[in-house]
Amino acid sequence: GEDVEQSLFLSVREGDSSVINCTYTDSSSTYLYWYKQEPGAGLQLLTYIFSNMDMKQDQRLTVLLNKKDKHLSLRIADTQTGDSAIYFCAESKGRSGGYNKLIFGAGTRLAVHP
Amino acid sequence: DTAVSQTPKYLVTQMGNDKSIKCEQNLGHDTMYWYKQDSKKFLKIMFSYNNKELIINETVPNRFSPKSPDKAHLNLHINSLELGDSAVYFCASSSSSQGRYEQYFGPGTRLTVT
């Protein structure tokens with residue numbers, strides 16, 4: 001997406017950490033999200049971070065947000081073969097009334113090898 | 001129980017035909033969306049309805065017409081199908097009252113126009 005950029009591919013060894021990076025452009029985005037898409041499946045919400053936070057940890061997932069640089073990252077600890085998927089970063093474009101639209105990055109394809 | 005469901009899962013049709021895709025959510029959400037994912041996995045919002053009212057209408061050909069008979073359903077009708085309409089169409093839903101606005105996606109409908 002033109003507003004959200006991600007690297008397209010990442011290859012890691014099983015057991016290592018994976019770091020997927022994302023940059024966004026809208027500084028007014030209140031929430032930023034990470035979604036996972038496995039082959040032939042829909043998008044699964046992994047985690048989100050509010051814009052006034054720097055970090056959020058959820059089991060093996062750590063999200064880091066640098067609001068000044070508009071940079072978001074997703075770290076997956078102890079990466080497993082089941083983590084192989086496409087990971088989408090998304091920023092929310094808020095609207096009055098409490099509903100929003102998500103602007104997605106192009107997705108990072110994570111390949112985990114033995 | 002499936003939270004966001006779509007029918008059909010696969011749809012193969014010829015150019016010029018008219019087809020519909022249906023979406024239902026049982027999450028009690030009041031906002032529903034249609035996204036299009038192209039062959040490069042790029043996701044772009046098409047429409048959004050809040051309480052049966054159209055609130056987002058991106059630059060989409062008017063051959064695409066969404067309809068929301070109630071808060072739990074959002075259908076997409078496509079007239080005069082073209083080759084470029086081939087894609088995976090995802091439905092999503094969210095709640096405008098939760099503040100976080102995270103969207104939950106259906107499994108997708110893969111449309112192939114021949």
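Side chains included, hydrogens not; waters and symmetry mates left out as well; all remaining heavy atoms used. Residue numbers begin at 1 in each chain, while the letters A, B, ... track the order of the sequences.
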*asked:* At under 4.5 Å between heavy atoms, what parts of residues 80-90 of chain A are in contact with chain B? List them by residue number.
replied: A/I86, A/F88
*Below 4.5 Å from any heavy atom of chain A, which atoms of B/K44 appear? Answer side chain, backbone, both or neither.*
neither
*For residues 81-93 of chain B, pull every pair meeting salt bridge (charged side-chain N to carboxylate O under 4.0 Å, His left out), keeping only residues two or more places apart or in separate chains.*
B/R63-B/E82, B/R63-B/D85
*Mind jotting down which residue pairs meet the salt bridge (charged side-chain N to carboxylate O under 4.0 Å, His left out) criterion with at least one end in residues 32-48 of chain A? Sequence neighbours excluded, please.*
A/K36-A/E38
*Are A/L74 and A/L64 co-members of a hydrophobic cluster defined by side-chain heavy atoms under 4.5 Å apart?*
no
_Interatomic spacing from CD in B/E102 to OH in A/Y31 - rounded to 0.5 Å_ = 8.5 Å
*Are B/L81 and B/Y10 linked, directly or through other ILVMFWY residues, by side chains that come within less than 4.5 angstrom of each other?*
no
*Which pair of non-hydrogen atoms, one from B/F90 and one from A/Q37, has the smallest distance, and what is that distance?*
CZ-NE2, 3.3 Å
*What part of B/I45 is in contact with chain A, defined as an atom under 4.5 angstrom from a non-hydrogen atom: side chain, backbone, both or neither?*
side chain
_Less than 6.0 angstrom separating the ring centers of B/Y35 and A/F104, yes or no?_
yes
*Point-to-point distance, once rounded to the nearest 0.5 Å, from CG of A/L102 to CG of B/L43*: 9.5 Å
*Identify the residues of residues 49-62 of chain A whose heavy atoms come closer than 4.5 Å to a heavy atom of chain B, ordered by number, or report 'none'.*
none
*Heavy atoms of other groups near B/K41 NZ, more than 12 under 6.0 Å*: yes
*Count the heavy atoms belonging to other residues, nucleotides or ligands that lie under 6.0 Å from NZ of B/K9, then report whether that count exceeds 12.*
yes
*Using non-hydrogen atoms only, which part of B/Q6 is less than 4.5 Å away from chain A: side chain, backbone, both, or neither?*
neither
*Same cluster or not: are B/L111 and B/F105 linked, directly or through other Ile, Leu, Val, Met, Phe, Trp or Tyr residues, by side-chain heavy atoms under 4.5 angstrom apart?*
no
